[in-house]
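One structure is given here, and the rest of the page talks about it.
Counting starts at 1 for both ligands and their atoms, following the listed order.
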Amino acid sequence: MFSSNDDSLLLQVLKLLKSYNSEYISGQDICDKLKISRTAVWKHIKKIRSLGYKIESKQNLGYRITKSTTLPLPWEITSSLKTKQIGKTVYYFDTIDSTQNFASKISKQNNSGTVIIAQRQTSGKGRLGRKWASPAGGIWLSVILQPKFDVSYATLFPIASSLALGTAIEKILNLKPELKWPNDITINGKKVAGMLVDISIESNQIEHLILGVGINYRVDTKKLNVDLKKSEHFYGADSLLKKNQTPNPTKMIQSFLYELEQICDILDNGNVKSIIKKWTAKSSTIGKKITIDTSESKITGKAVRIDNEGALVISKNGSYHRILVGDVNYLRVR
Ligand code: BT5
């Protein structure tokens, strides 16, 4: 595990190399500056290379970084992050059971804005106890928040967060993702991202919430679709990036965290109308004939709008139904 608060020797060596801006620094200079042995320098260089950084070494000249990593490591995320609070502390795991579990373990401390990222999850979670496939190449992250906004926005929040991610995807990757109620992001009708929120409420106030975001950033879609074929409410998965595209998950995450903070600010000011308007403009759900599965029933009708709490309003035979939790199936193209 790495964290943005780390100040290990490994990071000190990396910082030193970076401060030389692709110029060489001699092994002896690294030893002298950090007061470590030549063997220790070599050991750290090896480890830094294993994190994906390209480091050239030349006799008589020393070491220099020729290429940065493509892993979303904490210090890469925090450097040049444009947020006020979200993402100032970042944890990174190569493999974890679920970033939601880790977030919930540490969420008692006063750490609003902390982000937990994993390269792989062995027990990724979907909503309502479902499984979330989390192979390498995806972006699996959780954000701990102690928001100021009213508890009545708790159900709108995940929808607003999917708007934040949709906006970031559009800006960074130049794609046109669609938002599917409640929290899915799709491309060509296939799921590329999903979110869930674990919320803790005390005396009718949000104590903290943990937003979990799963993004099929650059995953093997063939395998994913085979693995998920029989899972609940599966309608096809896609990947944002294809195999031949160079990944830059750091940029994607930075942009999402920035958009998420904008959304939180808007909710804090109570301006839900603007969120609903923007979500609706990107939504593939509104205006469609759908069937919605809730734990109690199945309703078929036309999706009309979402309300201030993020509930989906469906019209059926002249009457309106308001659904807060469910899974949508599209019946025909708009
Ligand atoms: C979601 O649930 O879409 C919420 C996904 C949240 C995952 C993140 S990853 C980081 C954080 N840590 C966690 O442990 N979880 C969060 P839901 O709407 O219930 O969708 C679940 C359904 O999506 C499954 O039943 C499958 O049909 C499908 N599914 C599972 N993995 C998928 C994937 N990688 N891509 C597309 N569809 C998937």
Side-chain angles (χ1 to χ4, degrees), residues 72 87 90-107 114-145 155 157-159 161-162 164-166 169 177-199 209-241 249 252-253 256-257 260 284-285 292-295 310 312 323-330:
V90 178
Y91 292 90
Y92 173 90
F93 293 83
D94 177 67
T95 306
I96 197 171
D97 53 351
S98 154
T99 55
Q100 287 297 98
N101 291 350
F102 185 81
S104 115
K105 264 183 235 151
I106 63 163
S107 66
T114 297
V115 175
I116 299 102
I117 304 170
Q119 173 78 349
R120 289 175 204 84
Q121 295 184 122
T122 50
S123 291
K125 296 195 263 192
R127 291 178 307 138
L128 311 165
R130 293 175 196 150
K131 287 191 178 136
W132 183 259
S134 318
I139 296 175
W140 323 120
L141 66 83
S142 298
V143 186
I144 301 169
L145 291 168
T155 43
F157 175 73
I159 292 173
S161 303
S162 74
L165 181 57
I169 291 172
E178 289 189 305
L179 308 180
K180 183 177 181 206
W181 190 89
N183 318 327
D184 289 1
I185 301 201
T186 64
I187 289 197
N188 298 324
K190 299 212 173 114
K191 186 156 170 172
V192 289
M195 0 204 120
L196 61 84
V197 173
D198 291 327
I199 188 157
L209 51 80
I210 302 171
L211 170 69
V213 185
I215 312 170
N216 294 336
Y217 181 69
R218 187 167 167 268
V219 296
D220 180 343
T221 42
K222 247 194 200 152
K223 183 165 185 324
L224 198 58
N225 280 291
V226 170
D227 291 351
L228 290 172
K229 212 164 61 191
K230 293 201 178 105
S231 64
E232 275 178 85
H233 298 286
F234 184 61
Y235 57 86
D238 206 347
S239 173
L240 289 176
L241 259 61
M252 183 74 249
I253 293 169
F256 167 61
L257 298 179
L260 181 66
S284 60
T285 307
I292 186 154
D293 270 345
T294 70
S295 51
L312 185 64
I323 313 286
L324 259 174
V325 183
D327 288 274
V328 166
N329 296 301
Y330 294 151

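Checking only distances, D327 never comes within under 3.5 Å of ligand 1, N or O to N or O. Of the N or O atoms in S123, none lie within a sub-3.5 Å distance of an N or O in ligand 1. Backbone and side-chain nitrogen or oxygen atoms of R127 are examined, and one is located within less than 3.5 angstrom of a nitrogen or oxygen of ligand 1. Checked by distance only, ligand 1 and L196 stay at 3.5 Å or farther apart across all their nitrogen or oxygen atoms.
Of all atoms in ligand 1, listed by their number and element, those nearer than 4.0 Å to a heavy atom of K125 are 5 (C), 6 (C), 7 (C), 13 (C), 14 (O), 15 (N), 16 (C). Close approach of ligand 1 to A237 is summarised as follows: ligand atoms under 4.0 Å from at least one heavy atom of the residue are 35 (N), 36 (C). Every atom of ligand 1 is numbered from 1 in the order shown, and the set under 4.0 Å from a heavy atom of N216 is 33 (C), 34 (N), 35 (N), 36 (C). Using a 4.0 Å cut-off to heavy atoms of G194, the atoms of ligand 1 that qualify are 3 (O), 4 (C), 5 (C), 6 (C). Residue-ligand proximity, S98 to ligand 1, at heavy-atom distances under 4.0 Å covers atoms 12 (N), 13 (C), 14 (O). Taking every non-hydrogen atom of V213 and a distance limit under 4.0 Å, the qualifying atoms of ligand 1 come out as 8 (C), 9 (S), 10 (C).
Each of R130, K191, K180 was scored for a salt bridge (Lys or Arg N to Asp or Glu O under 4.0 Å) with D327, with one residue passing: R130.
Donor-acceptor pairing under 3.5 Å is recorded for the side chains of S284 and Y330.
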Decide yes or no on side-chain contact (heavy atoms from CB on, under 4.5 Å) for L165 and M252, but give the supporting numbers first. CA-CA 9 Å; L165 181 57; M252 183 74 249; 4.3 Å; yes
Tell me, with the steps shown, if I106 and Y91 meet side-chain contact (heavy atoms from CB on, under 4.5 Å). CA-CA 11 Å; I106 63 163; Y91 292 90; 3.7 Å; yes
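Here the shortest heavy-atom distance to atom 25 (O) of ligand 1, taken over E232, K229, H233, belongs to E232. The closest non-hydrogen atom to atom 30 (C) of ligand 1, taken over W132, W140, Y235, F102, comes from W132.
Under a 4.0 angstrom heavy-atom cut-off, K131 registers as being in contact with ligand 1. Using a 4.0 Å cutoff on heavy atoms, G124 counts as a contact of ligand 1.
S134 and Q121 make their closest contact through OG-NE2, 2.9 Å (heavy atoms, listed as atom of the first residue, atom of the second, distance).
Summary of contacts: the protein heavy atom closest to atom 11 (C) of ligand 1 is T99 OG1, 3.3 Å. Among all non-hydrogen protein atoms, the one lying nearest atom 3 (O) of ligand 1 is K191 NZ, 2.9 Å. Among all non-hydrogen protein atoms, the one lying nearest atom 26 (C) of ligand 1 is S231 OG, 3.2 Å.
Using a 4.0 Å cut-off between heavy atoms, N101 makes no contact with ligand 1 at all. At a 4.0 Å heavy-atom cut-off, ligand 1 touches L141 through the backbone alone. Here Q100 has heavy atoms under 4.0 Å from ligand 1 in both its backbone and its side chain.
Side-chain atoms of N225 come within 3.5 Å of backbone N or O of A237 as a donor-acceptor pair.
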